[in-house]
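Computed over heavy atoms, backbone and side chain alike; hydrogens, waters and symmetry mates excluded. For clarity, every value in this text was computed on a predicted model and none was experimentally measured. Proteins get letters first, then strands, A, B, ... in listed order; numbering begins at 1 in each.
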There are 2 protein chains.
Amino acid sequence: MPQARVLEGAEAQLARYLRRRRLKFTPERRLILREVFEHHDHFEADALLVRLRGRGIAVSKATLYRTLALLVRAGLLRQELFGERHSHYEHILGHAHHDHVVCLRCGKVAEFSNKDIERLQDDICRRHAFRPQFHRMAIYGYCSECRDEEA
Amino acid sequence: MPQARVLEGAEAQLARYLRRRRLKFTPERRLILREVFEHHDHFEADALLVRLRGRGIAVSKATLYRTLALLVRAGLLRQELFGERHSHYEHILGHAHHDHVVCLRCGKVAEFSNKDIERLQDDICRRHAFRPQFHRMAIYGYCSECRDEEA
DNA sequence: CTTTATGCAAAGTTTTTGCAGATCA
DNA sequence: TGATCTGCAAAAACTTTGCATAAAG
């Protein structure tokens with residue numbers, strides 16, 4: 001899916017979400033959405049704010065956090081905690097579900113997805129009479145570039 | 001493994017860790033270790049502090065946090081973030097590796113472990129030339145008691 | 001007696017909130 | 001025009017840190 005299409009789809013999805021709830025599509029929300037869906041896939045709130053500021057867009061921290069929460073509620077973003085105290089956000093739209101491999105030394109994050117694991121997770125939920133909504137899985141260790149530097 | 005044995009093992013492991021690094025086995029460290037390994041398996045820093053205070057043990061917050069970090073480094077505890085901004089801690093010693101199922105409504109956490117998933121994770125790491133150290137996996141959804149209350 | 005640990009209070013980090021004024025539908 | 005938003009600054013929640021004093025090895 002080309003990036004412009006993704007942005008278009010994201011705007012449409014957010015517009016629908018807002019309209020249904022009689023919420024407003026403000027310029028701030030549009031600018032943040034744009035910045036989120038035009039480029040990067042994986043980001044932290046603070047880095048996003050810096051990027052916005054760099055483009056001369058002066059939304060407040062409060063609005064940024066409120067908007068990110070809104071985008072999560074609207075199903076456009078996924079919020080992740082990779083063992084750190086701050087959140088990472090990822091696109092849902094235009095990006096299939098996947099899990100993560102995180103390097104403990106350089107911090108690099110790679111993605112993977114595995115149908116067999118998903119299927120086994122479903123088995124587990126059935127056994128626990130649990131109705132799954134989503135899952136998070138991350139494997140922590142050392143990437144090929146960092147594994148040799150480690151003791 | 002009976003609980004008393006676990007505590008014994010934990011003390012031995014910590015003592016070894018400290019000795020090697022010429023660190024000290026202070027009364028505070030011993031008391032915290034005891035409170036951690038005598039009973040509960042799954043706890044939050046603040047709840048632990050309250051429990052200690054309830055037993056008349058007045059370690060400071062600073063020492064508590066420093067000691068928990070030490071126990072993680074020494075391989076006795078695992079630190080988990082279940083999508084909240086505070087940590088949960090779990091025993092490693094006396095407790096086999098497992099993953100979690102978390103109820104989004106009542107917050108209940110159940111454990112599971114699955115050899116097939118672990119094996120598939122190893123495959124993935126091999127394919128990424130990644131040297132895994134540990135992983136975290138949590139499935140979020142609704143438990144049998146809460147699934148009916150949800151829309 | 002030297003190095004490491006503790007307690008206190010203050011600072012830090014990331015995120016949330018109350019409120020008054022601004023703005024969208 | 002009325003409900004929702006924004007920005008600000010202050011609060012919140014959790015954890016970390018600097019420093020003086022205490023204590024382990």
Check: Which of these passes ring-ring contact (aromatic ring centres under 6.0 Å, His included) with A:His95: A:His97, A:His98, A:His91?
Finding: A:His98
Note to self: Which is more 5' along DNA chain D, the nucleotide nearest B:Ala45 or the one nearest B:Pro27? Just name the residue.
What the structure shows: B:Ala45
Item checked: Donor on one side chain, acceptor on other, A:His100 and A:Glu111, under 3.5 Å -> no
Note to self: Without decimals, in angstroms, what is the distance between B:Leu64 CG and C:dG7 P?
What the structure shows: 10 Å
Next item on the list: Describe the nucleic acid contact of B:Ala69 in one word from base, sugar-phosphate, nothing, applying a heavy-atom distance below 4.0 Å.
Entry: nothing
Item checked: Any donor-acceptor N/O pair under 3.5 Å between D:dT15 base and B:Lys61 side chain -> no
Check: Out of D:dT6, C:dT4, C:dC24, which has the shortest distance to the side chain of B:Lys24?
Finding: C:dT4
Margin query: What contact category does B:Arg66 fall into here, base, sugar-phosphate, or nothing, at under 4.0 angstrom with non-hydrogen atoms?
Written below: base
Next item on the list: Can you tell me the distance, in whole Å, between the CG atom of A:Leu70 and the P atom of C:dT15?
Entry: 17 Å
Check: For the pair made of CG in B:Leu18 and P in C:dT4, what is the distance, rounded to whole Å?
Finding: 12 Å
Next item on the list: Establish, for the pair B:Arg30 and B:Phe25, whether the NZ or CZ atom is under 6.0 angstrom from the six-membered ring centre and no further than 45 degrees off its axis.
Entry: yes
Next item on the list: Would you indicate, yes or no, if C:dT15 has its OP1 or OP2 atom less than 4.0 angstrom from a side-chain nitrogen or oxygen of A:Ser87?
Entry: yes
Notebook entry, point to check: Under 4.0 Å between a side-chain N/O of B:Arg29 and OP1 or OP2 of C:dA5, yes or no?
Noted result: yes
Check: Strictly by modelled atom types, are B:His86 and B:Glu44 linked by a side-chain donor-acceptor pair under 3.5 Å?
Finding: yes
Margin query: Would you say A:Tyr65 places a side-chain N or O within less than 4.0 Å of OP1 or OP2 belonging to C:dT16?
Written below: no
Next item on the list: Round to the nearest Å and state the distance from A:Leu31 atom CG to D:dT6 atom P.
Entry: 11 Å
Next item on the list: Could you state the atom-to-atom distance from CZ of A:Arg22 to P of D:dA3 in whole Å?
Entry: 13 Å
Margin query: Regarding B:Ser87 and B:Gln79, do their side chains bring together a donor and an acceptor under 3.5 Å, going by distance alone?
Written below: yes
Check: What's the closest nucleotide to the B:Thr63 side chain, out of D:dT4, C:dG7, D:dG7?
Finding: C:dG7
Next item on the list: Send over the distance from B:Ile32 CD1 to C:dG7 C1', rounded to a whole Å.
Entry: 12 Å
Note to self: Can you tell me if A:Thr26 touches the phosphate of D:dT6, counting only side-chain N or O atoms and a distance under 4.0 Å to OP1 or OP2?
What the structure shows: yes
Next item on the list: In whole angstrom, give the distance that lies between atom CG of A:Leu23 and atom C1' of D:dT6.
Entry: 14 Å
Check: What nucleotide, of D:dC14, C:dC8, D:dG7, holds the atom closest to the side chain of A:Glu28?
Finding: D:dG7
Next item on the list: Round to the nearest Å and state the distance from B:Phe43 atom CZ to D:dC14 atom P.
Entry: 15 Å
